[in-house]
There are 2 protein chains.
Amino acid sequence: MDGVPKLVTDLLMPGREGGYAKGYETRELILRTALHILIEEGYRAMSMRRIAGACGMRLGNLTYHYPTREDLVRELLNAVISSYEVEFGAIVHAPGLEPEERLTRLCNLIIEDIGSKKTTRLFPELWALANHDAFVYERVHELYDRARAPLIEIIAEMRPDLPEKDRLDLGLFISASMEGLTVFAGYQMPFAQRMPAVEHIAIRSFIDIVRSFQPA
Amino acid sequence: MDGVPKLVTDLLMPGREGGYAKGYETRELILRTALHILIEEGYRAMSMRRIAGACGMRLGNLTYHYPTREDLVRELLNAVISSYEVEFGAIVHAPGLEPEERLTRLCNLIIEDIGSKKTTRLFPELWALANHDAFVYERVHELYDRARAPLIEIIAEMRPDLPEKDRLDLGLFISASMEGLTVFAGYQMPFAQRMPAVEHIAIRSFIDIVRSFQPA
DNA sequence: TCCAAATTAGGACAGTTGACAATTTTATGA
DNA sequence: TCATAAAATTGTCAACTGTCCTAATTTGGA
């Protein structure tokens, strides 16, 4: 937990003065525990009783803080998505660097995150949930839009001659392409130990395609 | 169901002479129904009672054909994976075509499949399941290995000068990259109507990177 | 036709789930 | 100190889950 932003207090209630309202430490604990179970054991295992037990509290107390399971899931999702938005938002501003170098760094950072167990486990769960839950769909969709924004910004710097439509297409391809690595990063063999080489190929490919793209 | 291969009879028991054993039509129906529910409503909704109900049979009858839920899930997975293997296996042999043209066709076919609702819904479910189920993990892993084989074959034709390791890396990048489109193909906006353009960018990018790759 | 096997139906079981209500404990502030 | 609200406990509820068992029915072959 060292330095990791707290889900609720730091993200859902940023910079609240005079401390936080009572019970927010508990809500915080609940969400972190729920997320842990979701990542380690999957959505099916993330029952109210399982969460309560892992928190060391009784079911009734959990439903006091989150009356329904849907309440809990929604706040968890908001917190998780917010944490990713904060992470990617920090990349946008890196003055004094060539756009290609910034593209490389951005891709490196995203791919590094993609390689983490948290992301490789969490996002497949979210994709599956999004298929049948409009709220999850909405939030994940929103996250991708925000994550794509700095990417498209850099593309615009590299190719000011392109119409916006083409820049969007390039951004969509690159982001989708990187997202695909999430699926494979979860596999141990033969992908895991080849990840650095594949990452290198990916970034080279991205730079090449942006540099050489010819509008139809 | 016109022309669509039957899950069990056509794939798990291909070319069985003298017809199929009794009860295989029922097992067929069960698997198709289960798959339909899995795609349309998700893994959670795919309960034994739900499947039986959708098949127009009683629970006891379903458990006669599949004593445990795990039996059903495993055979369903085997059938689904087999159907994809059959699909991709047909691509390998297309004599008299330049390797680049074959790469383009292969990518087109995969991307076309990726755009189908069946695939965009099913695979996120499988990824999520694979995270916490060794059997699902194994089968999905296997499928990707098989799907990558023809791709790497074409890469070998295009770049016989490269060591095998580099060809594998290129194949991994391209397949992972295409798989990433699955995630986004499920989204209605803004990706869906941009899919053709992104597909074009993707294939151009793949050809370029294979053609111009320089070993370290 | 008739027997035996395959199939279907129906019921029951223990376990789990989310939600809720009544209650007690704890913390807070005047 | 004490009243008040917040927090946590305990127990209950109907609904649902997978599994198992037995009886009825249908089917196919001799």
Side-chain angles (χ1 to χ4, degrees), chain A residues 8-9 13 16-35 37-38 40-77 125 128-129 132-133 135-136, chain B residues 8-9 13 16-35 37-38 40-77 125 128-129 132-133 135-136:
Chain A
V8 182
T9 46
M13 307 185 64
R16 200 168 192 274
E17 303 191 9
Y20 299 102
K22 255 170 69 178
Y24 262 92
E25 300 78 8
T26 309
R27 290 169 73 90
E28 169 72 34
L29 171 68
I30 292 171
L31 290 194
R32 295 184 77 83
T33 305
L35 180 61
I37 295 173
L38 177 61
E40 293 296 328
E41 303 170 44
Y43 188 71
R44 257 170 94 83
M46 200 185 71
S47 69
M48 297 294 270
R49 277 175 180 79
R50 181 80 185 76
I51 296 169
C55 285
M57 66 176 61
R58 304 292 175 165
L59 176 62
N61 194 16
L62 178 59
T63 61
Y64 167 77
H65 291 284
Y66 293 100
T68 74
R69 183 182 144 91
E70 197 183 354
D71 292 329
L72 197 158
V73 171
R74 294 202 169 195
E75 189 157 324
L76 174 62
L77 203 66
E125 298 284 349
L129 288 178
H132 311 100
D133 185 313
F135 178 76
V136 180
Chain B
V8 182
T9 46
M13 306 186 66
R16 200 167 192 277
E17 303 192 7
Y20 299 102
K22 258 171 71 180
Y24 263 93
E25 300 78 8
T26 309
R27 291 168 73 88
E28 170 73 35
L29 170 68
I30 291 171
L31 290 195
R32 294 184 77 83
T33 306
L35 179 61
I37 295 174
L38 177 61
E40 294 295 328
E41 303 170 44
Y43 189 71
R44 275 191 123 217
M46 199 185 70
S47 70
M48 297 295 269
R49 280 173 179 78
R50 180 82 184 73
I51 296 170
C55 286
M57 66 177 58
R58 301 293 174 163
L59 177 62
N61 193 16
L62 178 60
T63 61
Y64 167 77
H65 290 285
Y66 293 100
T68 74
R69 182 182 145 91
E70 197 183 355
D71 292 329
L72 196 159
V73 171
R74 295 203 169 194
E75 189 158 326
L76 174 61
L77 204 63
E125 298 284 348
L129 289 177
H132 311 100
D133 184 312
F135 178 76
V136 180

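Every heavy atom of this structure was used, including side-chain atoms; hydrogens, water molecules and symmetry mates were not. We name chains A, B, ... by the order of the sequence lines, and we start the count at 1 in each one.
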TODO: Look at the side chain of A/Ser47 and decide which nucleotide, out of D/dT9, C/dT7, C/dT17, has an atom nearest to it.
DONE: C/dT17

- [ ] Respond yes when some side-chain nitrogen or oxygen of A/His65 is under 4.0 Å from OP1 or OP2 of D/dA8, and no when none is.
- [x] yes

Open item on the list: Quick one, B/Leu62 with B/Leu72, criterion side-chain contact (heavy atoms from CB on, under 4.5 Å). Give me CA distance, side-chain angles, the key distance, then yes/no.
Closed with: CA-CA 10 Å; B/Leu62 178 60; B/Leu72 196 159; 4.1 Å; yes

Task: C/dG10 OP1/OP2 closer than 4.0 Å to side-chain N/O of B/Arg58 - done: yes

Open item on the list: Of the options D/dT9, C/dA19, C/dT8, whose atoms approach the side-chain atoms of A/Asn61 most closely?
Closed with: D/dT9

Task: Candidate nucleotides D/dC20, D/dT17, D/dA8, ranked by approach to the side chain of B/Arg49 - the nearest - done: D/dT17

TODO: Name the nucleic acid region contacted by B/Thr63, choosing base, sugar-phosphate or nothing; use a 4.0 angstrom heavy-atom cut-off, strictly under.
DONE: base

- [ ] Please report, rounded to the nearest Å, how far the C1' atom of D/dC20 is from the CE atom of B/Met48.
- [x] 12 Å

TODO: Check whether any side-chain N or O of A/Arg27 sits under 3.5 Å from a backbone N or O of A/His65 as a donor-acceptor pair, and report yes or no.
DONE: yes

- [ ] State whether the number of non-hydrogen atoms from other residues, nucleotides or ligands found under 6.0 Å of A/Glu40 atom CD is greater than 12.
- [x] yes

Task: Given D/dT19, C/dT8, C/dA19, the nucleotide with the shortest approach to the side chain of B/Thr68 - done: D/dT19

Task: Whole-Å gap separating C1' (C/dG18) and CG (A/Asp71) - done: 12 Å

Task: Side chain of A/Thr26 - closest among D/dA8, D/dT10, C/dT8 - done: D/dA8

- [ ] With heavy atoms under 4.0 Å as the rule, sort B/Arg69 into base, sugar-phosphate or nothing.
- [x] sugar-phosphate

Task: Atom pair distance, as rounded to whole Å: CG in B/Leu29 and C1' in C/dT8 - done: 14 Å

- [ ] Nearest whole angstrom, please: distance from the P of D/dG18 to the CD1 of B/Ile30.
- [x] 14 Å

TODO: Hey, which sits more toward the 5' end of DNA chain D by its nearest nucleotide, A/Tyr64 or A/Arg44?
DONE: A/Tyr64

- [ ] Calculate the interatomic distance between B/Met46 atom CE and D/dG18 atom P; express it in whole Å.
- [x] 9 Å

Open item on the list: For the residue pair A/Arg44 and B/Tyr43, would you count it as a cation-pi contact if the rule is NZ or CZ under 6.0 angstrom from the ring centre and within 45 degrees of the ring axis?
Closed with: no

Task: Separation of D/dA8 P from A/Glu25 CD (nearest whole Å) - done: 10 Å

Task: Test item: B/Asn61 side-chain N/O and B/Arg58 main-chain N/O as donor-acceptor pair under 3.5 Å - done: no

TODO: Using heavy atoms to find the nearest nucleotide of DNA chain C for A/Ala45 and A/Gly60 separately, return the residue whose nucleotide is more 5′.
DONE: A/Ala45

Open item on the list: Please report the distance, rounded to the nearest Å, between CZ in A/Arg27 and P in D/dA7.
Closed with: 9 Å

TODO: Using whole Å, report how far CG of B/Leu59 lies from P of C/dA9.
DONE: 11 Å

